[in-house]
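Residue numbers count from 1 along this sequence. Keep in mind that what you see is a predicted model, and the values were worked out from it rather than measured.
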Amino acid sequence: MPTNATTLSQEDLRKLKTVWRTIEAFRSIDPKMPSSYMAAFIAVAQEPGLGPTEYAKRLGTHQAIASRVLLEIGPKSRLKDSGYGLVQVGISNADMRAHAYELTTKGRVLLQRLLDLQKDA
């Protein structure tokens, strides 16, 4: 072991285990799920009802990339038959021309699983 290695406290190890279990929850859906998909899911869970432009700002990316990621975690996929089905797109209540994303039933089940991991931590 390197001499300059940091020793983690039991609390830090517990927190890291929770992070790892969170990643595993997403990867149970797809072992190759990118972290950008995980981040987009969390953004929609935190604040549903927004469009791709608003989520792009929260994710620190471009609107076109956010739109693609939201479609992938939603009903459609560019690379496979269907998306993950975690979010759905509807019409914004504030602007009938704008899209608004929210969690599907499958997405709410995953969200509850993630929240339960935090309780167990």
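Leu111 and Ile73 fall within the same hydrophobic cluster, where Ile, Leu, Val, Met, Phe, Trp and Tyr residues are linked whenever their side-chain heavy atoms come under 4.5 Å apart, directly or through other members. Hydrophobic clustering (ILVMFWY, side-chain heavy atoms < 4.5 Å, transitive): Met33 and Leu114 are in one cluster. Leu50 and Leu71 end up in different hydrophobic clusters when Ile, Leu, Val, Met, Phe, Trp and Tyr side chains are linked at under 4.5 Å.
A distance of 11.0 Å separates CD in Gln118 from NZ in Lys15, rounded to the nearest 0.5 Å. Between Leu13 atom CG and Leu8 atom CG the span is 5.0 Å, to the nearest 0.5 Å. Atom CZ in Arg68 sits 15.0 Å away from atom NZ in Lys76 (nearest 0.5 Å). The CD1 atom of Ile29 sits 4.5 Å away from atom CG of Leu110, with the distance rounded to the nearest 0.5 Å. Considering OG1 of Thr22 and CZ of Phe26, their distance stands at 7.5 Å, rounded to 0.5 Å.
For the 3.5 Å distance criterion, the side chains of Arg113 and Ser28 qualify, holding a donor opposite an acceptor. With hydrogens and angles left out, the side-chain atoms of Ser77 and Glu72 include a donor and acceptor closer than 3.5 Å. Side-chain atoms of Arg108 and Thr105 include a donor-acceptor pair closer than 3.5 Å.
Remark: Glu11 CD is packed, more than 12 non-hydrogen atoms of other residues, nucleotides or ligands lying under 6.0 Å away.
Minimum heavy-atom separation, Arg27 to Pro31: CD-O, 2.9 Å. Smallest separation of non-hydrogen atoms from Leu86 and Lys106: CD2-CG, 3.9 Å. Of all heavy-atom pairs between Tyr55 and Leu70, the closest is CD1-CD1, 3.9 Å. Residues Ala25 and Leu117 share a closest heavy-atom pair of CB-CD1, 4.4 Å.
A donor-acceptor contact shorter than 3.5 Å links the side chain of Thr18 to the backbone of Arg14. A side-chain donor-acceptor contact under 3.5 Å links Thr104 to the backbone of Gly85.
Residues satisfying the side chain to side chain donor-acceptor pair (under 3.5 Å) test with Glu54, not counting sequence neighbours, are none. For Glu24, the salt bridge (charged side-chain N to carboxylate O under 4.0 Å, His left out) test picks out no residue, with sequence neighbours left out.
The side-chain heavy atoms of Tyr101 and Pro52, taken from C-beta on, include a pair separated by under 4.5 Å. Counting heavy atoms from C-beta outward, Arg58 and Gln46 have side chains that stay 4.5 Å or more apart.
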Would you mind writing out the side-chain donor-acceptor pairs for residues 36-45 within the sub-3.5 Å range, not counting sequence neighbours?
none

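Of the charged side-chain nitrogens involved, at least one lies within less than 4.0 Å of a carboxylate oxygen, so that Lys119 and Asp116 count as a salt-bridged pair.
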